[in-house]
*Asks:* 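After the structure tokens below, expect a handful of questions from me.
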Amino acid sequence: LIPFVNYLIIGGVYRILGKRLEWLWVLSIVAGIYAGLFINLTLLAAQLFFTVEMPNGKLFLKFHPGVEFGSEEWKVAVPLSIAGVAVYCCGFLAYAIFGVRSVPRLMCE
């Protein structure tokens with residue numbers, strides 16, 4: 001869905017400027033954006049799993065030191081974090097596979 005929305009936005013700008021929009025150019029721009037954001041988005045989604053052991057032996061989250069690993073508030077946030085990791089990682093992988101499979105075919109046309 002995101003590549004389609006990006007295509008519409010970039011396509012609208014190009015129509016306003018009176019230029020022709022090529023799908024390969026849009027695909028490479030979107031891939032560059034994904035590559036730049038992939039690590040950051042995955043890190044944000046996975047931050048509930050990075051822990052630091054405190055002197056009392058308890059594990060607390062590295063990015064949120066006030067939240068104990070395995071506590072009730074941690075358990076509430078974990079499903080959303082797992083869904084985020086799945087969407088960002090699997091979504092990026094699917095998009096990369098789509099690009100690898102479709103770009104050579106589009107280049108030959």
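Please read all numbers here as calculations on a predicted model, not as lab measurements. Values reported hereafter were calculated over all heavy atoms of this structure, with side chains retained and with hydrogens, waters and symmetry mates removed.
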*Asks:* Measuring only between side-chain heavy atoms, which start at C-beta, is Phe49 closer than 4.5 Å to Leu61?
*Replies:*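 Phe49 does not reach Leu61 side chain to side chain.
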*Asks:* Check for me, please, whether Leu48 and Ile82 land in the same ILVMFWY cluster - side-chain distances under 4.5 Å, paths through other members count.
*Replies:*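 They do share one cluster, since a chain of ILVMFWY contacts under 4.5 Å joins Leu48 to Ile82.
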*Asks:* With clusters defined by side-chain heavy atoms of hydrophobic residues (ILVMFWY) lying less than 4.5 Å apart, directly or transitively, does Leu59 cluster with Val67?
*Replies:*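 In one cluster with Val67: Leu59, yes.
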*Asks:* Is Phe50 reachable from Phe69 through a run of I, L, V, M, F, W or Y residues, each pair having side-chain heavy atoms under 4.5 Å apart?
*Replies:*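 No; Phe50 is not reachable from Phe69 via cluster members.
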*Asks:* Quick one: are Phe60 and Trp74 in side-chain contact, heavy atoms under 4.5 Å?
*Replies:*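 Not touching, per the 4.5 Å side-chain cut-off.
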*Asks:* Kindly indicate whether the side chain of His64, heavy atoms from C-beta on, has any atom under 4.5 Å from the side chain of Gln47.
*Replies:*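 The answer is yes; the side chains approach within 4.5 Å.
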*Asks:* For the pair Ser71 (side chain) and Glu68 (backbone), establish whether a donor and an acceptor sit closer than 3.5 Å, ignoring hydrogens and angles.
*Replies:*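 Indeed, once roles are kept as given, a pair shorter than 3.5 Å links the two residues.
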